[in-house]
Amino acid sequence: MSHEAHEAQEPETPHLDFAGTTPYEDYVKADVLTHLQHTLSDDPGEMVFLVTTQVMELWFTVIVHEWETAADALRSDDVPTAIAALKRSVRELEALNASWKPLGQLTPAQFNSYRSALGDGSGFQSAMYRRMEFLLGDKSASMLVPHRGAPRVHAELEKALAEPSLYDEVLRLMARRGCAIPASVLRRDVSQRYESNDAVEAAWTAVYAGDENAELARLGEALTDVAELVWRWRNDHLVATRRAMGAKPGTGGSAGVAWLEKRARKNVFPELWTARSHV
């Protein structure tokens, strides 16, 4: 057959006949994912809210995976692998933050039409989001309480609470590289919330005053990219909530907008931000 005749042929028909489910279904479990939506109201907008929330949970899951990968790599002094995982998580955080788009224009009337279906449910109760916060160093044993009725979830959160955060691993790496990280920081109780430290700020100042292409400086910038997008996530959540319900109490008993405003004012990896004033 000539080359011209071969090119003129129709493309081959893809394989359509399988003994069981398709290999795609076996791998992705799409049938499971697309049948997890059980709305509790007659409002058509509830499906958008439910699916968007479930998508957020999937992004939380992959971001936790990336940050745990980065933390493991840092324990082994493998900074390139850690930076690669952090950079992937930046793209994933951008996708996560875009999830607010379908919800960000909700009017109070639209949200009220299915808000009662949530009952006492709140995103505050998301176990995977809590694992994200723990990895960022924002820890609290009280956050395990809502999950006492789910043994596997509770055990996973308890483990995450007791383990060093991603930022703890960063600071331990910096100490091994000769940075002046105080022993009190290195030996701190990692089950407690991380608090900003002047000596850590000075260590980051020294890193940023040096070669910007050095490994620690590049790690610092990857962490800053993550921190910025976490801040944007919190602010987008705040704005979406303001539009949908104003200053009313939040679902699940939270203070709603007031609580979100407090969260939005907190910086992740605080010394990475304050050190810039001294470079």
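Looking at E68 and R131, a side-chain N of the basic residue comes within less than 4.0 Å of a carboxylate O on the acidic one, giving a salt bridge. Using a cutoff of 4.0 Å between basic side-chain nitrogens and carboxylate oxygens, K159 and E163 are scored as salt-bridged. The residues R276 and E221 are annotated as salt-bridged, a charged nitrogen and a carboxylate oxygen being separated by less than 4.0 angstrom. Salt bridge annotation for R177-E215: present, with a cationic side-chain nitrogen under 4.0 angstrom from a carboxylate oxygen.
For the atom pair CG of D236 and CG of L229, the computed distance is 10.0 Å after rounding to the nearest 0.5 Å. A distance of 11.0 Å separates CD1 of I181 from CG of D168, quoted to the nearest 0.5 Å. The CG atom of N197 sits 13.5 Å away from the CH2 atom of W204 when rounded to the nearest 0.5 Å.
For residues 260-279, every residue pair satisfying the ring pair (Phe, Tyr, Trp, His ring centres under 6.0 Å) rule, not counting sequence neighbours, is listed here: Y167-F269.
Side-chain contact between R243 and T107 is absent, with no heavy-atom pair separated by less than 4.5 Å. Using a 4.5 Å heavy-atom threshold, the side chains of L86 and L219 count as touching. Residues L144 and R148 are not in side-chain contact: their nearest non-hydrogen atoms beyond the backbone lie 4.5 Å or more apart. Contact of the M143 side chain with the L157 side chain is not registered, since no non-hydrogen atoms from C-beta on lie closer than 4.5 Å. In this structure, the side chains of V200 and V185 come closer than 4.5 Å at one or more pairs of heavy atoms.
Within a 6.0 Å radius of CD in E212, no more than 12 heavy atoms belonging to other residues, nucleotides or ligands are found. Applying the 6.0 Å contact sphere to CG of D42 captures no more than 12 heavy atoms from other residues, nucleotides or ligands.
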- Stepwise salt bridge (charged side-chain N to carboxylate O under 4.0 Å, His left out) check, R234 with E133: CA-CA 12 Å; R234 291 173 176 173; E133 293 279 8; 2.9 Å; yes
- Query: Can you check side chain to side chain contact (heavy atoms under 4.5 Å, CB included) on W59 and S99, steps first, answer last?
  - Reply: CA-CA 10 Å; W59 281 124; S99 300; 4.2 Å; yes
- Run the numbers on R232 and E228 for salt bridge (charged side-chain N to carboxylate O under 4.0 Å, His left out), then give the verdict. CA-CA 6 Å; R232 291 185 185 280; E228 178 181 334; 3.0 Å; yes
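Under a hydrophobic clustering in which Ile, Leu, Val, Met, Phe, Trp and Tyr are joined whenever their side-chain heavy atoms come within less than 4.5 Å, directly or via other members, M47 and M56 fall into the same cluster.
H15 is linked by a ring-ring contact (aromatic ring centres under 6.0 Å, His included) to F18, counting only residues two or more places apart in sequence or in another chain. By the salt bridge (Lys or Arg N to Asp or Glu O under 4.0 Å) test, R172 pairs with no residue at all, sequence neighbours left out.
Side chains of S76 and D78: no donor on one and acceptor on the other come within 3.5 Å.
Results of the side chain to side chain donor-acceptor pair (under 3.5 Å) test with Y194 over E271, R188, K139 single out E271 as the only residue that passes.
Here the side chain of R193 pairs no donor or acceptor atom with the backbone of D138 at under 3.5 angstrom. The backbone N or O of D31 sits less than 3.5 Å from a side-chain atom of H35, completing a donor-acceptor pair.
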